[in-house]
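Hydrogens, waters and symmetry mates are skipped; everything else that's a heavy atom, side chains included, is used. What you see is a predicted model; the values in this text were computed from it and never measured.
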Amino acid sequence: MVFLLAVIARKSLGASKGETLVLTAAPTVLYILSIFWGTALKRTTIRRYLLVYFCIGCLPYALSAAVPELWWLIACHVVACAGGAAWPAVNGELLRRVYSDSQRGRAYGLLTAAYMLGGAGAMLGLGHWLDKDPMAWRIYMPVLCAMQAVGLVVLGWLATATGAERAGTERVASGTRADTSLIHQAFEPLTHMKEVLRADRVFARYEAAFMTYGIGWMICTALLPLLVTDKLNLQYDQIAGSTHLTFLLVVAAMTVPAGLLMDKLGAMRMSAVSFWFYTSYPILLLLATGTASLTAASVLYGIAAAGVNVCWMLGPVSLAGTADKVPQYVAIHATLVGLRGAIFQALGVALYWLTGSFEAPLLLAAAGFIWAGWQMWTLRKLKQG
């Protein structure tokens with residue numbers, strides 16, 4: 001749903017490069033709010049948190065079906081993405097509380113495979129539907145939102161049934177008036193993030209490597225909607241089939257093996273190899289001339305992403321040490337996604353606008369993947385030490 005939104009805006013609603021960038025970048029850039037969501041999760045129950053997540057992160061997409069203009073659609077999307085930043089923290093806490101260390105990688109692989117297969121089926125149907133009716137999104141957005149509601153109800157029930165549910169903890173003031181001010185409370189999560197990164201050297205280096213990886217991933221993500229429309233001029237079904245559908249199917253097939261491998265190799269070694277494998281993606285995007293070459297790029301993208309996805313979530317979960325720390329560690333990790341999204345997606349589109357070519361930004365993306373792999377490989381030695 002989110003992937004196609006930027007393509008719809010570009011092809012059917014006349015979105016400019018800047019408007020397309022806002023739609024593409026918002027899901028990752030607004031992850032910068034995850035640090036605040038992580039704090040909120042610790043202070044409430046999981047079920048109540050899921051309800052708030054639905055109201056802010058899902059419901060605006062249903063409302064977007066009735067908007068009259070592109071800017072209203074963008075506004076609904078931005079609000080939903082702000083709410084979407086709430087997801088990583090609760091996802092990480094549920095994974096930590098429900099599954100043991102020896103089961104978590106396999107379980108995450110199975111869950112991700114199911115998620116990807118569902119997304120692939122939706123992508124296949126929506127691509128063909130949009131080719132027949134470019135305004136079909138006004139129908140399917142509320143339907144998909146209703147499906148999200150069902151999924152969150154099930155998650156709320158599972159939290160109770162598995163014993164993962166717990167009471168929220170009230171904020172404990174340190175006793176001074178300054179500490180209880182609204183300004184202090186608003187910025188308190190950022191202060192704690194700085195303290196955690198300073199105290200946990202391995203986690204800080206892990207985040208630094210993922211920040212470098214973000215150079216490559218964010219540039220490719222921002223440029224893909226522009227590449228398939230401006231350079232290749234593909235139809236909706238061709239775009240869906242050769243990019244996101246292929247990607248989702250490959251990730252679904254490879255995530256379970258990646259989860260098993262993660263349990264054996266650990267997050268650092270797995271991340272390093274996956275980052276290096278990712279280097280092929282921007283190179284193949286640069287060489288793409290049609291659906292066949294774009295599909296090949298998406299296959300390699302999916303293989304690399306399967307490894308990175310497992311490490312993205314389970315690395316912070318394992319580094320947190322205890323279940324109580326997981327929301328904070330995952331929230332910090334997701335918040336830094338927003339930071340690199342804000343920087344590198346804009347950089348990629350700016351380079352494309354300045355040079356009129358995809359060559360410079362995509363070569364920079366490849367260099368980012370290579371550097372990130374080296375950072376993670378050296379971190380592996382530090383962790384062992």
Check whether more than 12 heavy atoms from other residues, nucleotides or ligands sit under 6.0 Å from atom [atom1] of [X], and answer yes or no.
| X | atom1 | value |
| --- | --- | --- |
| Tyr140 | OH | yes |
| Met135 | CE | yes |
| Arg48 | CZ | no |
| Trp129 | CH2 | yes |

Hey, could you give me the [atom1]/[atom2] distance between [X] and [Y], rounded to the nearest 0.5 Å?
| X | Y | atom1 | atom2 | value |
| --- | --- | --- | --- | --- |
| Ile219 | Leu362 | CD1 | CG | 8.0 Å |
| Leu95 | Leu111 | CG | CG | 7.0 Å |
| Met218 | Leu223 | CE | CG | 13.0 Å |
| Leu23 | Leu5 | CG | CG | 5.5 Å |
| Leu110 | Thr255 | CG | OG1 | 10.0 Å |
| Leu63 | Cys145 | CG | SG | 7.5 Å |

task: Applying salt bridge (charged side-chain N to carboxylate O under 4.0 Å, His left out), run through Arg166 and Glu93 and close with a yes or a no.
output: CA-CA 11 Å; Arg166 75 290 182 277; Glu93 182 170 359; 2.6 Å; yes
Heavy-atom side-chain proximity of [X] to [Y] below 4.5 angstrom:
| X | Y | result |
| --- | --- | --- |
| Leu73 | His77 | no |
| Tyr53 | Trp87 | yes |
| Cys220 | Leu285 | yes |
| Phe369 | Ser280 | no |
| Val337 | Arg340 | yes |
| Ser34 | Ile332 | no |
| Arg205 | Arg201 | yes |
| Trp37 | Val52 | yes |

Please give me the minimum heavy-atom distance between [X] and [Y], naming the atom from each residue.
| X | Y | result |
| --- | --- | --- |
| Cys311 | Ser271 | CB-OG, 3.1 Å |
| Gly156 | Leu50 | N-CD1, 3.7 Å |
| Ala89 | Tyr49 | CB-OH, 4.1 Å |
| Gly84 | Pro88 | O-CD, 3.8 Å |
| Gly14 | Glu19 | O-OE1, 4.2 Å |

- request: Report the C-alpha separation of Leu152 and Leu155 in whole Å, then their side-chain angles, then the decisive distance to 0.1 Å, and conclude whether the side chain to side chain contact (heavy atoms under 4.5 Å, CB included) test is met.
  value: CA-CA 5 Å; Leu152 292 173; Leu155 277 182; 4.2 Å; yes
Taking [Y] as the starting point, is it possible to reach [X] by hopping between hydrophobic residues whose side chains are less than 4.5 Å apart?
| X | Y | answer |
| --- | --- | --- |
| Ile303 | Leu249 | no |
| Val299 | Trp276 | no |
| Met211 | Val29 | no |

For [X], which residues count as a ring-ring contact (aromatic ring centres under 6.0 Å, His included) partner, sequence neighbours excluded?
| X | answer |
| --- | --- |
| Tyr301 | Phe247, Tyr278, Tyr281 |
| Tyr236 | none |
| Phe54 | none |

For the backbone of [Y] and the side chain of [X], can you confirm whether one donor and one acceptor N or O come within less than 3.5 Å of each other?
| X | Y | value |
| --- | --- | --- |
| Gln238 | Gln235 | yes |
| Glu165 | Ile46 | yes |
| Thr28 | Ala25 | yes |
| Thr39 | Ile35 | yes |
| Lys11 | Pro134 | no |
| Trp72 | Val67 | no |
| Thr246 | Gly241 | yes |
| Asp131 | Asp237 | yes |

Looking just at side-chain N and O atoms, do [X] and [Y] make a donor-acceptor pair shorter than 3.5 Å?
| X | Y | value |
| --- | --- | --- |
| Gln375 | Thr212 | yes |
| Tyr108 | Asn309 | no |
| Thr221 | Gln345 | no |

task: Using the ring-ring contact (aromatic ring centres under 6.0 Å, His included) rule, take Phe275 and Tyr213 through it: C-alpha gap first, then chi angles, then the decisive distance, then the call.
output: CA-CA 7 Å; Phe275 290 168; Tyr213 148 80; 4.7 Å; yes
query: Can we call the ring centroids of Phe203 and Tyr206 under 6.0 Å apart?
result: no
field: Trace of the side chain to side chain contact (heavy atoms under 4.5 Å, CB included) decision for Leu144 with Leu126
entry: CA-CA 11 Å; Leu144 293 178; Leu126 297 180; 4.2 Å; yes
field: Steps toward side chain to side chain contact (heavy atoms under 4.5 Å, CB included) verdict (Arg10, Asp230)
entry: CA-CA 9 Å; Arg10 185 71 171 162; Asp230 295 5; 3.0 Å; yes
- request: Let me see the working for Leu286 and Leu363 under side chain to side chain contact (heavy atoms under 4.5 Å, CB included), right down to the final yes or no.
  value: CA-CA 8 Å; Leu286 185 59; Leu363 288 177; 4.2 Å; yes
